[in-house]
Structure formats: structure tokens, C-alpha cells
Number of protein chains: 2
Amino acid sequence: MTITRSIPVAVQVNQILRERIRLGVYPPGGKLPSESELSQEFDVSRATIRTVLARMAAEGLILRKQGDGTYVNEHIRDVNTHLGGLWEFSRLIENSGYQPSINSLSITQRASTEHEAHLLDIQPGNEVLSLRRLFFADEDPVILATNVIPNARIDPTAGEPDGRLRIHEFIQRYCHRKIAYAVSDVRAGVADYEIAHILNWQPDSPLLKIEIIFYDRDNSPLVCGQSYLNDAILRLRLVQAWE
Amino acid sequence: MTITRSIPVAVQVNQILRERIRLGVYPPGGKLPSESELSQEFDVSRATIRTVLARMAAEGLILRKQGDGTYVNEHIRDVNTHLGGLWEFSRLIENSGYQPSINSLSITQRASTEHEAHLLDIQPGNEVLSLRRLFFADEDPVILATNVIPNARIDPTAGEPDGRLRIHEFIQRYCHRKIAYAVSDVRAGVADYEIAHILNWQPDSPLLKIEIIFYDRDNSPLVCGQSYLNDAILRLRLVQAWE
DNA sequence: TAGTGGTCTAGACCACCCT
DNA sequence: GGGTGGTCTAGACCACTAC
């Protein structure tokens, strides 16, 4: 409620409005105050309010009607991917209403395959660090993720890799880089015997397969990954606003 | 290049900049003019330029670096879903580099199932119009889509339904409504014999299954759909910018 | 007609990067 | 230091909707 000037005002207003929607201060289907009322309440300009509302509208959280008002979208429950959760599996699980946890299955050093080298813009055979991790939603294993990082990117003085970190925290700590964006392919795959066993699921049943590459702000590939997601437990649900 | 005032300035600038990137005026990895240069060139305010660039950055098309400049993202080729293409299959196919076409397989009138009634907020058994359509990428069948619309929403005077229209055009013409947003579940499925036959693909092979509901701006469900996408031909590739 | 959101402007100050 | 993007303001005018 109280607005500081150390954190961007728009970020704070964003958090406050989301919190109010979550708590039901603005109930599903209900109306939000007008832009001018909000700008008065928070003592910020209408433009600032508008950037916040624009973002929430793009995520489908609110619906804006010219000449009428702004409404809380009541059909938005259980949406977990406001297009920021696909490569943040912990958040994806959290947004789906489960408690996320990460189990590190293996951390190995090996030569890169040709395919990996191509994706990561390195020479085939160059050493890479391969992380195999299992994500849980509450007690259920739901995502098996394999991430590959070029050795050359890793700071050897940063200590032993901790496989339970979120990927951006991992990169931050061991590569001193920030992930800027990611490109991912969503595909349909099938659980082979090993994967089915790890995910505690039937062999030959369909799974979502997510292939992803993370880039830093200099547009260099940092990590590539290949993950299997049990979509019987964890839905991939997303909203798209028209235009 | 020439700016009118009848169409929003931001939209025109957006189109022009995208076109320049597409044509290589701003080559992959290259730098765009600064915000102030662009605002001078188009004779619009910097704020307007920024809204355009912000949108392009959110889609991953450009990368912005404080204190440096704005760059064309070179890793963005073949990305087909800037999170606006999932429920616009024609555009999805187009963005993937194919020529889209739609084949109407069947248009039938029937009673709604319990599940459909729940999704569409109608009574089970109420009449619905069921459209079954096949999307082609060039010559290959890639998406089998089934859409269901409550009869009560359809204007009987609008004539015989044309199954080759895009869904939003269809709704516009026969329901006089505009689609405001959509909620979709992306899942992994398997091609049964019939579906495999229609898609000209192996039975029991994995397919992406997309379940979707379209809403209008009054937040009423208009259409629900269930589609099978052959992801061996048509990739679902998306970009996500950090935060 | 009054009030809402949609568009756009002109300008300020800041944080950051390059040289 | 000079330029770039990041944040924010105050105010204008328009298009639309509900009453």
C-alpha cells in the first residue's frame, strides 16, 4: 500500500493490484477503480497506471472496456503460463497450485554432442556440464529436465554446482550472467521406459517435451535443455488476448 | 513510410519497423536507430516509439540494452508464436513459412455433451454447431480442429456456415461478435486410427493436443475447440523475454 | 451527457554503457 | 562526458459506452 521511490512505482502498483485481485478486494468479474481514481490513490500519473494495466490486460488477468471500465477476468483461474512460466518450471508448478521442489539426479561432465554444440555455438566435443533434475509438484514427480552448459562458461572458483537451484539462479552464481530470454519448442513426446520410471508414469504414454535455449543479453546461448512434462498432472494453460 | 493519422501512429510505426527488419534494412544482430532518432524520423513522440519497441521486445524480436542501443534478435527466426498465433492456426502455419489453407470436413448440428455445455456455459443437450476442419501447410495436413458453437449464438439469417473462414471471421459473420481472448491447454496426445488417417500420419504417434475456449469482451464463452497438431511438420516455437 | 479507456505529446530526470 | 534506454509526469484530445 505504501509506495517507495527506490523500487519502480509501476512495479509496486502492479504487485498491489495483483494482490488485491488475489485477495478478492476486486472480486472475479468485478470492476476495478477507473484509471484516474487509481492514479489519485497511488499518487502517480495516469500513464504509469496505464502501463501496469496494459501488462495485466496482456496476460488476460483483466479485461478493459472503452467507455465502461476495467474488469477482473473470472475465467483466468488455473492459468499458469502468462508466458513467463514455461522456462521457470518452479514457477509453473507454483502457478498451478502445487508446492515445487527440485531433486538433482546427476551432474556430469562430458563432451558435447554435435547437436548441443550447434545449439550452444561451441565446437562439437567441447566439454559441457550436464544437469539432470527432477521437479516435483507437491509429492508427484512431474518434470524431468536435462540442462547442458558449456564448461567454458562456468567459473571454476564458484564451487560445486548446486543442482537444486532454479536455472537463472544457477547461471547467475556459476556463470555470472543473466538470462535475457529463451526460445522453446513445445512438442509431443512419448515416455520411454527409463523416463516413465523416473516420472512414476506408464511407459509409452504421451508427455510434453520442451526443448529450450536460454540466451543472455549479449545474445549468446548459455544453456540448452530438454524436458519431459507430465501433462496429466501439470497442465500447460495459457491466455492470449486478441491483438 | 508515410504516416497517416487515421490509423493509430503506433500501429503504423510498428508495421514499418517490422517490415524493415524483415527486409534486412536492420539486419539480424544489427542496431536500430536510437529512440530519439526514430521519433524524429516519424515525427512522433518518444513515448510512442517506446510503446512500439516495448511490444517488439516483449515478443523477443529486438533486444534492448540500456546505455547501448536496440538490436535485432538474430535467434528469432522460425519463431511462430509470439503468443498470438496459438489460436490462429492459419497464422501459425504462415509464420512457420508455409502456405495455409483450410478444408471443411463436416458441419453438423447436434446436442452438446455435458463437458461442452460446462465449457460454453449452456445447458447440457442444448443444440450446438460442430465444425470439423483440416488445416494444410502447403500440401501437408497438419492440424485437425473441431470447434463447437452454441446454436443460440448463431444468427440464422446469416446464411449457410462457411467452414473455410478463420475462426474469428466465422464468429464475426455468424455471431456478430468479436473474440477478445482465448484460454488454451496444450497437451500431449496420441493419434488414434481415424485422426492418424486424416492427418496422413502413423497411428499411435504423439501429437500436440490443443484445447481452447474463446471468449468475447463481455467474457462470455463463444466457442470451444479441440485440435490435434502434427508437430513433426509444424513446430510450436515461442519466445519469452525475462520479466 | 458524463465518465471511461485509447492515443499521443513534450519534457524531465535517472541509470547505464561506451570511449 | 555524451548518448542510450528506463522511468515518470501533466496534460491534451478522441472514441466509446452507459445512463
Side-chain angles (χ1 to χ4, degrees), chain A residues 3-17 26 30-58 60-73 177-178 180-181 216-219 241-243, chain B residues 3-17 26 30-58 61-73 176-178 180-181 216-219 241-243:
Chain A
I3 301 282
T4 322
R5 290 283 158 178
S6 54
I7 301 174
V9 182
V11 173
Q12 299 178 64
V13 173
N14 196 318
Q15 288 170 345
I16 293 171
L17 293 182
Y26 309 137
K31 210 176 200 174
L32 265 69
S34 71
E35 296 180 350
S36 49
E37 283 172 334
L38 288 172
S39 71
Q40 283 174 34
E41 180 192 343
F42 296 117
D43 197 28
V44 299
S45 76
R46 192 180 151 219
T48 301
I49 294 291
R50 279 185 63 78
T51 65
V52 174
L53 295 180
R55 177 160 181 178
M56 293 170 68
L61 195 59
I62 56 175
L63 299 174
R64 319 207 64 195
K65 294 198 213 175
Q66 191 172 6
D68 184 357
T70 302
Y71 294 84
V72 178
N73 190 347
R177 301 258 180 170
K178 274 192 180 176
Y181 72 100
D216 66 8
R217 53 172 189 168
D218 294 326
N219 220 359
W242 169 255
E243 285 298 63
Chain B
I3 301 281
T4 322
R5 289 284 158 178
S6 54
I7 301 174
V9 182
V11 173
Q12 298 177 66
V13 173
N14 196 319
Q15 288 171 344
I16 292 171
L17 292 182
Y26 308 138
K31 211 177 200 174
L32 265 69
S34 71
E35 296 180 349
S36 48
E37 283 172 334
L38 288 172
S39 71
Q40 283 174 35
E41 180 191 344
F42 296 117
D43 196 27
V44 299
S45 76
R46 192 181 152 219
T48 301
I49 293 292
R50 278 186 63 78
T51 64
V52 174
L53 295 181
R55 178 160 180 177
M56 293 170 69
L61 195 59
I62 57 176
L63 299 174
R64 319 207 65 195
K65 294 198 214 177
Q66 190 172 8
D68 184 358
T70 302
Y71 294 84
V72 178
N73 191 347
H176 312 303
R177 301 258 180 169
K178 274 192 181 177
Y181 72 99
D216 66 8
R217 55 176 187 163
D218 294 326
N219 221 358
W242 169 256
E243 286 298 63

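What's counted below: heavy atoms across the whole structure, side chains too, no hydrogens, waters or symmetry copies. Sequence lines set the chain letters: A, B, ... in the order given, protein chains first and strands last, and positions in each chain run from 1.
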Novice: Between A/R46 (CZ) and C/dT7 (P), how many Å, whole number?
Specialist: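 From A/R46 CZ to C/dT7 P: 11 Å.
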
Novice: Give each stem of DNA chain C as a range with a range, requiring at least 3 consecutive Watson-Crick or G-U wobble pairs whose two distances are under 3.5 Å.
Specialist: C:1-18 with D:1-18

Novice: Between B/K31 and B/R217, who's closer to the 5' end of DNA chain D by nearest nucleotide?
Specialist: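 Whichever sits nearer the 5' end wins; that is B/K31.
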
Novice: To the nearest angstrom, how far is A/D218 atom CG from C/dC17 atom C1'?
Specialist: 12 Å

Novice: Over how many whole Å does the gap from B/I49 atom CD1 to C/dC8 atom P extend?
Specialist: 11 Å

Novice: Test your reading of the model: is there a side-chain donor-acceptor pair from A/Q12 to the backbone of A/I7, 3.5 Å cut-off?
Specialist: yes

Novice: Can you tell me if the side-chain N/O atoms of B/R50 get under 4.0 Å from OP1 or OP2 in C/dA10?
Specialist: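 Indeed not, no polar side-chain atom of B/R50 lies that close.
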
Novice: Nearest-Å distance, CZ (B/R55) to C1' (D/dG5)?
Specialist: 21 Å

Novice: Output yes when at least one side-chain N/O atom of A/T48 is less than 4.0 Å from OP1 or OP2 of D/dT9, else no.
Specialist: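 For D/dT9, OP1 or OP2 has a side-chain N or O of A/T48 closer than 4.0 Å.
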
Novice: Which whole-number value in Å describes the distance from B/L63 CG to C/dC16 C1'?
Specialist: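 These atoms are roughly 17 Å apart.
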
Novice: Look at the side-chain N and O atoms of A/T51 and state whether any lies under 4.0 Å from the OP1 or OP2 oxygen of D/dT7.
Specialist: no

Novice: With respect to the side chain of B/S45, which nucleotide from C/dC8, D/dT17, C/dC18 is positioned closest?
Specialist: C/dC8

Novice: Ignoring the backbone of A/P8, work out which of D/dT17, C/dA10, D/dT7 is nearest its side chain.
Specialist: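 Comparing D/dT17, C/dA10, D/dT7 against the side chain of A/P8, the answer is D/dT7.
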
Novice: Measure from CG on B/L38 to P on D/dG3 and round the result to the nearest Å.
Specialist: 17 Å

Novice: Quick one: is A/S34 getting a side-chain N or O under 4.0 Å of the C/dG3 phosphate, OP1 or OP2?
Specialist: no

Novice: It should be established whether B/R64 places a side-chain nitrogen or oxygen under 4.0 Å from OP1 or OP2 of nucleotide D/dT4.
Specialist: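 For B/R64, the contact criterion (side-chain N or O under 4.0 Å from OP1 or OP2 of D/dT4) is not met.
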
Novice: Atom CG of B/L53 to atom P of D/dT7: distance rounded to whole Å?
Specialist: 14 Å

Novice: Closer to the 5' end of DNA chain C via nearest nucleotide, is it A/A47 or A/Q66?
Specialist: A/Q66

Novice: Identify the heavy atoms of B/K31 and B/D68 that sit nearest to each other, and give their distance.
Specialist: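 Taking B/K31 first and B/D68 second, the nearest heavy atoms are NZ-OD1, 3.4 Å.
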
